[in-house]
**Student:** 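Okay, handing you the structure first.
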Amino acid sequence: MTVQDSRRGHMEPAERRPRRRRLGFAALALAGVVTLAACSQTANGAPKESPASDSKPGAEVGADSGKKGSAAVTVSPATDDKDVIPGEPLTVKASDGKLASVTVTAGDGKTLDGALSSDGTSWTSSHATGYGTAYTLKAQLAASDGEKTTRTSSFTTLSKDEIFVGTYNVNKGATVGVALPVSIVFNRAIRDKAAVERKLSVTSSPAVEGAWSWMKDRDGKDRVDYRPKEYWKSGTKVKLRMDLVGVKNGDLVGTQKREIDFTIGKSVVSTVDVVKKTMTVAENGKVVKTLPVSTGKKTFETWNGTMVVLSKVPTIRMNSATVGIFGPEAYDLGAVKWDVQLTPSGTYAHAAPWNEGKFGKVNASHGCIGLSTANAKWFYDRVNYGDPVTVVKSTDTVDVNNGYGAWNVDWESWKKSSALA
């Protein structure tokens, strides 16, 4: 019952911000070296009672800091250019000797709760550090030679204005439909798409051929989707990996490290023929039912091509003003039942009892796929997030960024929109 919106997102302006010096060093240096799990920088501890001294990241400090057995400390997570990453628990490790105690205090006097490991080689905060927050760290160490020393340093975590993150469309442990692409929308403009894409991967069992493709989301944000060449097979186990910690994006830096496992569920593939005015539903390759429907009338034709189920809502209000329809075609429907969303622009398959007598005979909607209440409930119960609904014999094809329109792009063209192509 809603009109299509084919507008594409506008280009997001590039943002440039001066970077300020992040770390203030006393006797303990904090910085980052690239590792698989996180990043850190090593600093040697000076002997007990030696005065604190400023140093460059990684430099030895104290008169006897180079002696055998002196305690060394690493702090993570941090990028390879010394920025401490917020929003994650802070870990302090002793690479030689043990930690006797660790105190991390914010500028407002609040301390990070945490605990030492049973072997005394590390300390981990029990909650995440804040964004753009100054901290003072005090660590008491006992070197392997028995010498004890206390070191203090200050650092500031990155602010929200200095990082970029991606929002992904799959939840850990979820079961999704065979047509769902993996989609990541970034909160900031991505200048170095190749650098970001190199740190993203999708693997599956059984293995499939697949590729990333960049686009603008409908709100103009940079977005990258991964789809296999063909629909996923039911039962496939899929893993999304994001390892963006320390990835440079102009003046911004990535902070996310995620692994999300999900499973492909039963194949439910639906085909809507706007000329025959039918919806054919197949489960695991076998047609289980053909339903009479009413699709978009003239000038409000239902999108052609494959759309992917985005959500299901048992009851919603549909008001034409929200999609820019006024005047004689306006409508305000108070309680529309069994709503399966196919595009963010407002395309649904739903119950349309006001069109009773038109299903299978007349296309009378404003772009949605209307069914009887009983058939809409049957369809609602069968489909899930990620299932494909393909409309044939209509007019304009749904845009690739209007929901998940990846399947309307031929495979060779899809691959060419990878930043690594």
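Position 1 is the first residue of the sequence, and the numbers go up from there.
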**Student:** Kindly compute the distance separating CG (N249) from NZ (K193), expressed to the nearest 0.5 Å.
**Tutor:**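 Spacing of CG (N249) from NZ (K193) equals 8.5 Å.
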**Student:** Between S365 and T295, is there a donor-acceptor pair closer than 3.5 Å when you use the side chain of the first and the backbone of the second?
**Tutor:**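 Yes; judged by distance alone, with no hydrogens or angles, the pair exists.
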**Student:** Show your working on side-chain contact (heavy atoms from CB on, under 4.5 Å) between T203 and R241 and close with a plain yes or no.
**Tutor:** CA-CA 8 Å; T203 55; R241 291 184 177 90; 3.2 Å; yes
**Student:** With no hydrogens and no angle check, is any side-chain donor or acceptor of T255 less than 3.5 Å from a backbone partner on V245?
**Tutor:**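 Looks like no, no N/O pair under 3.5 Å.
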**Student:** My understanding is that only residues two or more places apart in sequence, or in another chain, count here; which of them pass ring pair (Phe, Tyr, Trp, His ring centres under 6.0 Å) with W212?
**Tutor:** Y226
**Student:** Between F186 and W214, how do the two ring planes meet: parallel, tilted or perpendicular, split at 30° and 60°?
**Tutor:** parallel
**Student:** If we ignore hydrogens and angles and just use 3.5 Å, is the side chain of D113 paired with the main-chain N or O of S126 as donor and acceptor?
**Tutor:** no
**Student:** Backbone N or O of T347 within a donor-acceptor pair of the Q341 side chain at under 3.5 Å?
**Tutor:** no
**Student:** For the side chain of K110 and the backbone of D108, is there at least one donor-acceptor N/O pair under 3.5 Å apart?
**Tutor:**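 Absent.
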**Student:** CH2 of W378 to NZ of K289: how many Å apart, nearest 0.5 Å?
**Tutor:** 6.0 Å
**Student:** Please report the shortest heavy-atom distance between T302 and G367, naming the atom on each side.
**Tutor:**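 For T302 and G367, the tightest heavy-atom pair comes out as OG1-O, 3.0 Å.
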**Student:** Which pair of non-hydrogen atoms, one from D192 and one from K248, has the smallest distance, and what is that distance?
**Tutor:** CB-O, 4.2 Å
**Student:** With a 6.0 Å cut-off (strictly less than), is the heavy-atom count around CD of E230, excluding the residue itself, greater than 12?
**Tutor:**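 No, CD of E230 has 12 or fewer neighbouring heavy atoms, counting only those of other groups under 6.0 Å.
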**Student:** Could you work out, with ring pair (Phe, Tyr, Trp, His ring centres under 6.0 Å) as the rule, every residue matching Y231, not counting sequence neighbours?
**Tutor:** W407
**Student:** Might you confirm whether atom NZ of K239 has over 12 heavy atoms from other residues, nucleotides or ligands at distances under 6.0 Å?
**Tutor:** yes
**Student:** Any side-chain donor paired with an acceptor under 3.5 Å for S213 and D225?
**Tutor:** no
**Student:** Output yes when a side-chain donor or acceptor of Y404 lies under 3.5 Å from a complementary backbone atom of L310, and no otherwise.
**Tutor:** no
**Student:** Between K361 and S294, is there a donor-acceptor pair closer than 3.5 Å when you use the side chain of the first and the backbone of the second?
**Tutor:**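 The answer is no, because no donor-acceptor pair under 3.5 Å joins these two groups.
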**Student:** Using every non-hydrogen atom in the two residues, find where D222 and R188 come nearest and quote the distance to one decimal.
**Tutor:** OD2-O, 4.4 Å
**Student:** Can you tell me how far CG of N401 sits from OG of S183, rounded to the nearest 0.5 angstrom?
**Tutor:** 10.0 Å
**Student:** Establish, yes or no, whether the cationic atom of K172 lies under 6.0 Å from the six-membered ring centre of F262 and within 45° of the ring axis.
**Tutor:**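 No, K172 does not sit over the ring of F262.
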**Student:** Could you check whether any side-chain N or O of D339 sits under 3.5 Å from a backbone N or O of H350, counting only pairs where one atom can act as donor and the other as acceptor?
**Tutor:** no
**Student:** Could you walk me through whether F359 and K277 satisfy the side-chain contact (heavy atoms from CB on, under 4.5 Å) test, starting with their C-alpha distance in whole Å, then the side-chain angles of each, then the deciding distance to 0.1 Å, before giving a yes or no?
**Tutor:** CA-CA 7 Å; F359 304 121; K277 304 171 187 62; over 6 Å; no
**Student:** Given side-chain hydrogen bond (donor to acceptor under 3.5 Å, both in side chains), test D161 with S159 step by step and report yes or no.
**Tutor:** CA-CA 5 Å; D161 289 337; S159 71; 4.9 Å; no
**Student:** Between V340, V272, T343, which is the residue that forms a side-chain contact (heavy atoms from CB on, under 4.5 Å) with M307?
**Tutor:**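 Of the listed options, the one satisfying the test is T343.
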**Student:** Would the distance check show the side chain of E197 and the main-chain N or O of A419 forming a donor-acceptor pair, the cut-off being under 3.5 Å?
**Tutor:**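 Yes, the answer is positive, given that a donor and an acceptor are paired below the 3.5 Å cut-off.
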**Student:** Could you check whether any side-chain N or O of T133 sits under 3.5 Å from a backbone N or O of Y131, counting only pairs where one atom can act as donor and the other as acceptor?
**Tutor:** yes
**Student:** Atom NZ of residue position K138 - does it have more than 12 heavy atoms of other residues, nucleotides or ligands inside 6.0 Å?
**Tutor:** no
